[in-house]
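Worksheet: one structure, shown below.
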Amino acid sequence: MNILAIDTSSSSMSVCVMSEGVIKGEINLNNGLVHSTTLMPCIEDLFKVINFDKKTLDMIAVCVGPGSFTGIRIGVATANAMSMAFNIPVVSVSTLDALAMNFLYFDGIIISTVDAQRDNFYVGVYKSDGNRVVPVRENEIMSDEELTEYILSLRDKVILSGDAVESVNVNGCIFPNTANNFIRASNVAVIGEIIGAKDKNFANPVYMRKSQAEIVYGQKHKDIE
């Protein structure tokens, strides 16, 4: 199976092609939210460098959030458009799951985080079964204080990854190095293959909360009423 994997759900961006379980190539960028101008060129460059015929794609796996509202929309829209163009299915992958997969061989609690703004984080908590990461509680939004308290309540070893690394400092907590603290499209591809394509429905963003624009809009209309 040939899979194109895409992540644009945070400030970093990653695209990957996996063929028959082998990662053929991956491009990772971490230069801010410029995905609207860099995503398609990176995909085309990747196809060219690895001499891959995009017409042989069988599936697209894309991170659907939570994360950057704009970033998620860019990745999901691109995946859905390519799905229509090539008549292939799209598989939706959680951003938090994909980040946690960087630590598949960690023997303890894996916590992945994505910035939710206003000192809050989208948080996923996992353990590894050796093949994939398994959630041990529902994904949720936590403040940095709530996340700190939660980590302190755990008895297992803990590795904290993602945006909260810069805000949460707990003695004994393990923090990843820079090379492992971003979402890799190769992990998106692996998870996508595990999930499998059950149909050809479009991917839909997972936001977990309203965007700032929606909040402001709602407040304005409430004031008018």
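In what follows, residues are counted from 1 in the order of the sequence shown.
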Between Phe182 and Phe106, is there a shared hydrophobic cluster once you connect ILVMFWY residues whose side-chain heavy atoms come closer than 4.5 Å?
no

How about Asp97 and Tyr126: does a side-chain donor come under 3.5 Å of a side-chain acceptor?
yes

Cation-pi check for Phe52 against Lys24: NZ or CZ below 6.0 Å from the six-membered ring centre and within 45 degrees of the axis, yes or no?
no

Should side-chain heavy atoms under 4.5 Å link Ile, Leu, Val, Met, Phe, Trp and Tyr, which residues sit in the same cluster as Met142?
Ile109, Ile111, Phe121, Val123, Val125, Val136, Leu147, Tyr150, Ile151, Leu152, Leu154, Val158, Leu160, Val165, Val168, Val170, Phe175

May I ask you to test the Ser128-Phe103 pair for a side-chain heavy-atom distance under 4.5 Å?
no

Using side-chain heavy atoms (C-beta onward) and a distance below 4.5 Å, is Ser14 in contact with Glu26?
yes

Check: Thr113 and Ser161 side chains under 4.5 Å, non-hydrogen atoms:
no

Hey, does the side chain of Ser167 reach the backbone of Ala164 with a donor-acceptor pair shorter than 3.5 angstrom?
no

Joint cluster assignment, Leu104 & Ile194, ILVMFWY side-chain distance < 4.5 Å:
yes

Flag the pair Ile60 / Val91 as yes when at least one side-chain heavy-atom distance between them is below 4.5 Å, and no otherwise.
no

Ala100 versus Val133, closest heavy-atom pair with distance:
O-CG1, 3.7 Å

Main-chain N/O of Asp163 paired with Glu166 side-chain donor or acceptor, under 3.5 Å
no

Is it the case that more than 12 heavy atoms not belonging to Asn51 sit under 6.0 Å from its CG atom?
no

Pairwise side-chain contact, Leu39 with Ile74, heavy-atom cut-off 4.5 Å (strictly under)
yes

Are Ile43 and Ile6 close enough that some pair of their side-chain heavy atoms sits under 4.5 Å apart?
yes

State, with a plain yes or no, whether a side-chain heavy atom of Glu44 is found less than 4.5 Å away from one of Lys48.
no

Min side-chain heavy-atom separation Gln117-Phe69 under 4.5 Å
no

Take Asp119 and Ser143 through the test side-chain hydrogen bond (donor to acceptor under 3.5 Å, both in side chains) and record every step on the way to the result.
CA-CA 6 Å; Asp119 297 322; Ser143 66; over 6 Å; no

Electrostatic pair Lys127:Asp156 at N-O distance under 4.0 angstrom:
yes

Exactly one of Ile183, Val64, Leu99, Val76 should register a side chain to side chain contact (heavy atoms under 4.5 Å, CB included) with Ser9. Which one does?
Ile183

Are a donor atom and an acceptor atom from the side chains of Ser10 and Ser12 found within less than 3.5 Å of each other?
yes

